[in-house]
There are 2 protein chains.
Amino acid sequence: MKEIEQRLTENGVRPTAMRMLIYKYLAQKDAAIALTDIENAFAKADRTTLFRTLKTFEQKGVVHQIDDGTGVQKYALCEPGCNCELEQDLHLHFHCTNCDETVCLTEHKIPHINLPEGYITEDANLVLKGICEKCSGQ
Amino acid sequence: MKEIEQRLTENGVRPTAMRMLIYKYLAQKDAAIALTDIENAFAKADRTTLFRTLKTFEQKGVVHQIDDGTGVQKYALCEPGCNCELEQDLHLHFHCTNCDETVCLTEHKIPHINLPEGYITEDANLVLKGICEKCSGQ
DNA sequence: ATAAGGATGCAACGGAAGTGCATTTATTGT
DNA sequence: ACAATAAATGCACTTCCGTTGCATCCTTAT
């Protein structure tokens, strides 16, 4: 719990009890988390608080937002030292169409792509979809 | 108009007047189109019809759906002969954060990625974000 | 001509993101 | 320690978009 407090402080996020719990929750899940998930896990807390916590986390670089094509925003903790920068931190995500979970594949960075003149790339999102290792039974 | 009719028929879509108009509309736009866009362009038609038309188109391989991270589903015509297959037809998309338009870069296929054992890839979505050629002034 | 199936239109629902404002909790300065 | 200030939380409400059920209209085949 101490490490969480430190991590948040480092990123300029005031470590309230709620925030630490949410961080902890995110940390113990290996899949990306939607607002609704957190909402269910913390029945007592208000949705707005959770929503704003995630937004704060995102803004301060504690988590990154993932758009896996399901239409709901999901979030996952950033790696330590992550700056969410293209070609460096941005990795691909895998969405399993069977269990509906989305995981970070942090080892797999988004490959560099040469765009035509005039295009300036600032961000990228690569999602592969299919069957994850859990569901494929391997 | 005759070509449109033929194209739809080929794909197993009954070429009604409405559908041909929507196809035409999609064809003359170079950016991906959201339901709302079509809705505004065809004020007389009902949203449901437009919605279902897009879904039919998608299902029959006339258009492909694009998730550019804005939270709204967009659609663009498939290339002739497209089968929406990975490593073959799936191309990347570019979303301009300035003009909010998303375009297909059909020349740029999604690079092959070697996933760990157990992952079975069936689909992919790669969106680059930044400033498009129009907006960067080149 | 009529029956059947598909296309369209209308109304309504539901989920998720987001905002304004009041209230509570924490922090700072004296 | 206390007031003043700022930040965090909670409540109510809104909006947007996707989606579905059902009725009606149109087209096609027999």
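Residue numbering restarts at 1 for every chain, and letters A, B, ... go by the order of the sequence lines. As the structure is a computational prediction, the values presented were derived from the model and not from experiment.
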Practice task
Look at the side chain of Arg52(B) against the base of dG6(C) and say whether a donor-acceptor pair falls under 3.5 Å; ignore hydrogens and angles.
Solution key: no

Practice task
Figure out the CG/P separation between Leu54(A) and dA8(D), and round it to whole Å.
Solution key: 14 Å

Practice task
Strictly below 4.0 Å, heavy-atom distances to any atom of DNA chain C: list the hits from residues 39-51 of chain A, or just say none.
Solution key: Arg47(A), Thr48(A), Phe51(A)

Handout entry: Whole angstrom value for the distance that separates C1' of dG18(D) from CD of Glu58(B)
Key = 13 Å

Problem - Arg19(A) side-chain N/O to dA8(D) phosphate OP1/OP2 under 4.0 Å - result: yes

Fill in the blank from the handout: Atom CD of Gln65(A) and atom C1' of dA17(C) are separated, to the nearest Å, by 11 Å

Handout entry: Interatomic distance where CG belongs to Asp68(B) and P belongs to dC17(D) [whole Å]
Key = 12 Å

Handout entry: Nearest-nucleotide pick for Thr53(B), side chain only, options being dT8(C), dG18(D), dA8(D)
Key = dT8(C)

Fill in the blank from the handout: Rounded to whole Å, CG of Leu21(B) lies from C1' of dA7(C) at a distance of 14 Å

Practice task
Answer yes if Leu77(A) and Val127(A) sit in the same cluster of Ile, Leu, Val, Met, Phe, Trp and Tyr residues linked by side chain heavy atoms under 4.5 Å apart, and no otherwise.
Solution key: no

Completion exercise
Leu8(A) atom CG is separated from dA7(D) atom C1', nearest whole Å, by 15 Å

Handout entry: Whole-Å gap separating C1' (dC25(D)) and CZ (Arg14(B))
Key = 12 Å

Practice task
Just call it for Thr36(A): base, sugar-phosphate, or nothing, with non-hydrogen atoms closer than 4.0 Å on any strand.
Solution key: sugar-phosphate

